[in-house]
Amino acid sequence: MTDGSALAWAETARELGLDAPGVNLAAAVIDRHPDPARLALISLDRSGGATTHTVGWLREESNRLAGLLVRAGIQPGDRVFTFLERSPLQYAAALAIIKAGAVYGPLFASFGTEALRDRLGDAGARAILTTARLLPTVTAVRQHLPGLETVILLEGNGSSQPGADALSYPELRAGLAPEFAPVLQEPDAPAIIHYTSGTTGRPKGALHGHRALIGHVASARVALDLRPDDLFWCTADPAWVTGSSYGIFAPLAVGATQLLAEAPLNATAFFGLIAAQRVSVLYTAPTLLRLLMRGRPADLDRLDISSLRHTASVGEPLNPEVIRWWQQQTGQPVHDTWFQTETGSIMIAQRPGIPLQIGAMGCPLPGVEAAILDDGGEPLPPGEPGRLALRAGWPSCFLGYWRQPELTASRWLNGWYLAGDLARCDQQGYFWFIGRADEVINTAGHLVSPFEVESALLTHGAVAEAAAVGTPDPLLGEKIVAFVSLREGQALDVALEMALKRTVRQLVSPFAVPQELVPMAELPKTQSGKILRRLLRSRLTHKNTSGHAN
């Protein structure tokens, strides 16, 4: 389905300088801005202290780092990773890697040795940019990665750490030129490699080209209403695709000022930060919003959050109860958006300019053609559940999985990209999420959406988070088990269990009522905040075979 218009991809490409044979995504992001004094970043430390950085600072720091990479022997096409905590230098490093013609790969600073080794080894990484604090983790895996020739420390030095062989950027910075001519490449030459979170198996490296920035910028304007005079806060870590596409590249290219800050998990502190910094556009995740709902916000009426113009969410389906709670606190809705690592930019959204349908994913962005297909790849009529698919042709589409051509081919059918999600499309063109194709529960012949069960549970005031999974059952085929994280002061007694089951029965259907409710202090999640239902199913399998849980 499409609304007949088209995102201004060609115009955006011309604006960014990405309509020529030789281009560079990082140069399009930062080098073309005419005012070097324009404020690019406001960075808050844990004590609330703020530092500011201009477009000129980012340009020069990325040039110096790009020069250092070339001096270290990095060639166009080499894979270079960042292993950093969120800081302004993370932004400069991402731009520097791409300016040097290498492929930028971000990694979470919380990764352990196995996660680091898997990704660096799979990609054949040539270099990594990190800090002295994180260097021991890199050193521990380096002996297993003979191709990892260069380690650059953006903060500190490794001279006091045994076995460390690293270049210290602070020590070398004075000798590096603030000018650098970006390496120009074809628009579809790889510029970014994002490793998926691994919720469905080993992480895969999704490659994106320089022209992906066209999709980042155009969709940020349409779906997030992002403008040059905005103070934009994307709470996603830069190691996540959201934190790169909309936490680094799109806002810098648009000319907005970005806030770099850890999101408080207390609602009053969270809204207080928005008020103090005058945030105008917020892009966050349902997981964080559900965590904010745990407490009871105090004295929010004394906070001036009138600067906040638009709020959007991404990462998991947005439960209706979360939308209603946000509207109670702010007087405005939170808008759901949908995209994947592979799509590179927002594809479907509750964007400004269309009526809000609470619980729906939204409509495809102009120029994006989405459909619901049957197993043979044929479009289904409105209302019929099936496989969510996107017609090829959008500029931020991934180039493929690194060194996995067969897996790449499996994601395409008759010119459609298969998202791996089940959904339906209504008569008005709104898409409604059902679940991941491998997570929908088949109980007694009825297909049950985990999302609907979870959303129903969240309407009960005792529940802070919920995750529904299916587990084998000799009578039902699969039975529904719901894991619930309760609000402070609540306990899962018989009365509450009956109330929660009654809520699901009333709001969804009798077939969707969980046969079992399991209390958990905290649900397991990926680095990007997605609930790891695979681990929950594994826990149930182990419990059923051994008679007890881990």
Side-chain angles (χ1 to χ4, degrees), residues 197 199 265-267 285-297 315-325 435-436 439-444 448-550:
S197 59
T199 58
L265 300 184
N266 170 275
T287 302
L288 176 58
L289 297 178
R290 290 193 294 263
L291 288 173
L292 295 176
M293 289 173 61
R294 281 177 180 248
R296 303 198 182 280
E316 284 200 302
L318 192 60
N319 310 95
E321 192 63 22
V322 178
I323 300 173
R324 296 186 183 100
W325 177 83
R436 291 292 297 172
E439 290 180 349
V440 171
I441 304 165
N442 189 337
T443 181
V448 173
S449 162
F451 174 64
E452 289 185 320
V453 177
E454 294 158 6
S455 293
L457 291 169
L458 282 175
T459 65
H460 195 286
V463 178
E465 287 191 291
V469 300
T471 188
D473 182 83
L475 178 63
L476 301 172
E478 281 187 300
K479 70 175 182 179
I480 302 171
V481 179
F483 293 83
V484 291
S485 176
L486 300 177
R487 294 180 187 269
E488 187 176 348
Q490 299 289 336
L492 189 64
D493 54 20
V494 173
L496 179 56
E497 186 168 339
M498 291 178 62
L500 294 178
K501 290 183 177 181
R502 185 166 56 249
T503 297
V504 176
R505 178 184 295 272
Q506 292 172 345
L507 295 181
V508 187
S509 79
F511 303 111
V513 175
Q515 280 75 37
E516 186 177 349
L517 287 158
V518 180
M520 292 190 77
E522 187 174 349
L523 302 180
K525 302 179 183 70
T526 67
Q527 296 286 342
S528 59
K530 296 179 182 179
I531 294 172
L532 282 164
R533 292 171 180 80
R534 171 174 52 84
L535 291 186
L536 295 175
R537 284 193 294 270
S538 175
R539 168 182 169 142
L540 289 173
T541 301
H542 181 73
K543 177 182 177 181
N544 291 336
T545 56
S546 66
H548 59 83
N550 286 332

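Within the structure, ring pair (Phe, Tyr, Trp, His ring centres under 6.0 Å) pairs that include any residue of residues 470-516 comprise His446-Phe511 (at least two apart or interchain). Among residues at least two apart or in separate chains, side-chain hydrogen bond (donor to acceptor under 3.5 Å, both in side chains) pairs with a member in residues 450-463 are Asn319-Ser455, Glu454-Arg533.
Taking the side chain as every heavy atom from C-beta outward, Leu486 and Leu496 approach each other to under 4.5 Å. Here the side chains of Leu523 and Thr287 are not in contact, with every heavy-atom distance at 4.5 Å or above. Leu535 has its side chain within reach of Pro524: a pair of non-hydrogen atoms, C-beta onward, lies under 4.5 Å apart. Side-chain contact between Val481 and Arg537 is absent, with no heavy-atom pair separated by less than 4.5 Å. For the pair Gln490/Val463, no side-chain contact is recorded, criterion being any heavy-atom separation below 4.5 Å from C-beta on. Between Val518 and Arg539, some side-chain heavy-atom pair lies under the 4.5 Å cut-off.
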(message) For a side-chain contact (heavy atoms from CB on, under 4.5 Å) check, start with the C-alpha distance between Met520 and Leu536, then their side-chain angles and the critical distance, and finish with the verdict.
(response) CA-CA 11 Å; Met520 292 190 77; Leu536 295 175; 3.7 Å; yes
(request) Test Asp473 against Thr443 for side-chain contact (heavy atoms from CB on, under 4.5 Å), laying out the working first. (result) CA-CA 9 Å; Asp473 182 83; Thr443 181; over 6 Å; no
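The main-chain N or O of Asn442 is found under 3.5 Å from a side-chain atom of Glu478 such that the two form a donor-acceptor pair.
Taking all atoms of both residues into account, the shortest heavy-atom contact from Ala521 to Ser485 is O-OG, 3.1 Å. Across all their heavy atoms, Leu458 and Arg290 have their closest contact at CD1-CD, 3.6 Å.
Partners of Gln515 according to the side-chain contact (heavy atoms from CB on, under 4.5 Å) rule, which considers only residues two or more places apart in sequence or in another chain, are Leu476, Lys479, Ile480. For the side-chain contact (heavy atoms from CB on, under 4.5 Å) test, residues two or more places apart in sequence or in another chain that qualify with Leu288 are Thr235, Ala263, Leu265, Phe270, Thr284, Leu292. Pro317 pairs by the side-chain contact (heavy atoms from CB on, under 4.5 Å) definition with Phe433, Phe451, not counting sequence neighbours. Residues passing the side-chain contact (heavy atoms from CB on, under 4.5 Å) test with Ala512 are Val448, Val453, Val504, Val508, Ser509, sequence neighbours excluded.
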